[in-house]
Amino acid sequence: MLKFNIQRTFVHAANKKNDAVASKQVLHFKGEINLTGVCAIFGDSGAGKTTLLRCLIGLEPCEGQISFKQQKWLDSNDDAKSKINLITENRRIGVVFQEPRLFPHLSVKQNLQLAVVKAGKSTFTIENLAKELGFTELLHHQTTQLSGGQKQRIAIARALLTHPQLLVMDEPLSSLDLSSKQLLLPFLKQISANIPILYITHSVRELFYLSHQMLLVNNGEIEAIGEPQQLFLDNTLSLSKFAHEGLIVEVAVQQFDEQAGLIEGHLDGQTLFISAKHAPDINSIQVKINSRDVIIAIEPILGSSLLNCLLVTLVNIVTDNEKSMILTLKLDSQFIYARITLRSFKHLNLALGDRVYAHVKTMSIIN
Amino acid sequence: MLNVADYQAIWLTLKLASLTTIILMVVAPALAWWLARSQAKIRPFIESIVALPLILPPTVLGFYLLIAFSPDHFFGQWWMSFNDSSLAFSFSGLVVASVIYSLPFVVQPLQSAFVHLDKSYLEVCATLGYGKYERLYKIIFPMLLPSFIIAGALGFAHTIGEFGVVLMIGGNIPGETQVLSILLFDHVESLEYAQAHQLSFILLVFSMSVLVVIYGFLQKRQQRILNA
């Protein structure tokens, strides 16, 4: 359990021209998360995600209370005696920053040894992490010779070697190539079974693939904490504009038609065909359905090239702006969004609770 | 060829430079770190004092030191309270003067390295579990090793070339205060040009070598590390 109620005050220097007093900006984060697996931190740029993480790590001065499990990390009340501010090195957090931040004067192995020497014991060893993350042959290289993806893999290994009780990552994969991401995402998911991870990301793919919990940060505050699926359906959140682009659904793989290059899957019991280059090696895939790629019909469209037709219930309607409507469509337990024009909406004469046919043009598999 | 007095002066000079460099390498890192990081109002003032020997005529510094060393002055008195002889015209006096005189040459390369050091490295050290001081001597200082070598080399070379201050407070006592630069002056005054040539050449080659190593190798190496 991670509990925090903290305030971070930024004082902007007084503007001499207008003779204004120094202006203050206060970020106030309050929340309680039962940390298991990956908890994603999501929000617009500048919303305060990184500041929140830096306060939790102890790299940024703040006021308030932070506790992790039975440990108090911060308690800055007025009573001087019970004041607590555990220094970063004693919070035992493994940190992966946005940039790898490896020490340039040391080899890969020496960088990792710095963590090992200090941690003493560890569930990981340099050798098995190097093997798993594919940098065994780089161990004796200088870090300055490596690519960004290689460096970040080593930075992740270094964080794990500190024997952390919590891993904190600030967009660790944002600057990496696809192959590095494909290697690291399953690895992080596997790690999170034993070590909880707080994970800042801007990527919906990473969010839905990794996490079952998310923390929505908006305007220097925690706006919501919950399951990604639920928060993406909540039209009252700042997230909704972003969520309306499209939702992610779980599809159970039935079979793969190699000649046609199509996966046949079940989405809440309804059949769905998804194009793919090769057979999936997992039996449940996550598929993103963009709201613009969903066509609504009162009757099934026949004699068209459309492959997929889902029977859905219209459960919510919001106006995105003057010209388009966002329809929330329920399958059985899962949802998709459809974006249609106001004109079509009126033309179809839709109402809440209607059963309609949703034809899906294209989909992308995210895992 | 070099005579006994020459060898004695060379030995004395090396002894003086080594001792001065050792003392400076203990004192300067902390001072340079403070100068690089502190927001205190007094910082520019301290920085000026440290840099003063760069522009102050050495004879001025030597003159004030001579006065400070005199038994009439409280510093001289304090020194005499646990020593038999005065600091003036002694090897110990030269060491004290050299430390002050060469301080900016050691502090400035270090200060520059500390200013250019990306603060994020310190944060990484903390997340790896390294404490406030431990992270400096175990990770950061080794990372800035080229700058430490530059600082030490400049301090050493500058002490070897010291003349004005030594002349004021050291006099010209063979084996005690007669360093290379003073002996060279002696040779020239006595028109012993052959010996003056030899000593000058030694000093020239030494100084040049130090600078070539610093500019041609150490500085580039440090920049590569700092810009990584």
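All chains are named by letter (A, B, ...) in the order of the sequence lines, taking the proteins before the strands, and each is independently numbered beginning at 1.
In this structure, T143(A) OG1 and I225(B) CD1 are separated by 9.5 Å, a value rounded to the nearest 0.5 Å. Taking CD of Q98(A) as the reference point, atom OG of S120(B) lies at 12.0 Å (rounded to 0.5 Å). Taking CZ of R135(B) as the start and CG of L114(A) as the end, the distance is 13.0 Å to the nearest 0.5 Å. If you take NE2 on H105(A) and CD1 on I139(B), they are separated by 7.5 Å, rounding to the nearest 0.5 Å.
A salt bridge between E89(A) and K132(B) is absent, with no side-chain N of the basic residue lying under 4.0 Å from a carboxylate O of the acidic one.
The number of heavy-atom neighbours closer than 6.0 Å to CE of M208(B), taken from other residues, nucleotides and ligands shown, is 12 or below. No more than 12 heavy atoms of other residues, nucleotides or ligands shown are found within 6.0 angstrom of NE2 on H197(B). Residue-environment remark: NZ (K83(A)) exceeds the threshold of 12 foreign heavy atoms within 6.0 Å. Annotation: K3(A), atom NZ; neighbour count of heavy atoms from other residues, nucleotides and ligands within 6.0 Å does not exceed 12. Within 6.0 Å of CZ on F63(B) lie no more than 12 heavy atoms contributed by other residues, nucleotides or ligands. More than 12 heavy atoms of other residues, nucleotides or ligands lie within 6.0 Å of CZ in F10(A), so this atom counts as buried by the packing criterion.
Side-chain contact between L128(B) and R158(A): present, with at least one pair of heavy atoms (C-beta onward) separated by less than 4.5 Å. Here the side chains of I57(A) and T127(B) are in contact, with some heavy-atom distance below 4.5 Å. Residues P142(B) and F103(A) fail the side-chain proximity criterion, which asks for heavy atoms closer than 4.5 Å.
Of the two parts of R221(B), neither the backbone nor the side chain holds a non-hydrogen atom closer than 4.5 Å to a non-hydrogen atom of chain A. Using a 4.5 Å cut-off between heavy atoms, T88(A) touches chain B through backbone and side chain atoms alike. Within the 4.5 angstrom heavy-atom criterion, only backbone atoms of L102(A) (N, CA, C, O) approach chain B.
Taking both residues in full, the closest heavy atoms of K118(A) and G129(B) are given as CE-O, 3.1 Å, listed atom of the first, atom of the second, then distance.
When R54(A), H163(A), E99(A) are compared by the number of non-hydrogen pairs under 4.5 Å with chain B, R54(A) comes out ahead.
Formation of a donor-acceptor pair under 3.5 Å by the Y130(B) side chain with backbone atoms of A115(A) is not found in this model.
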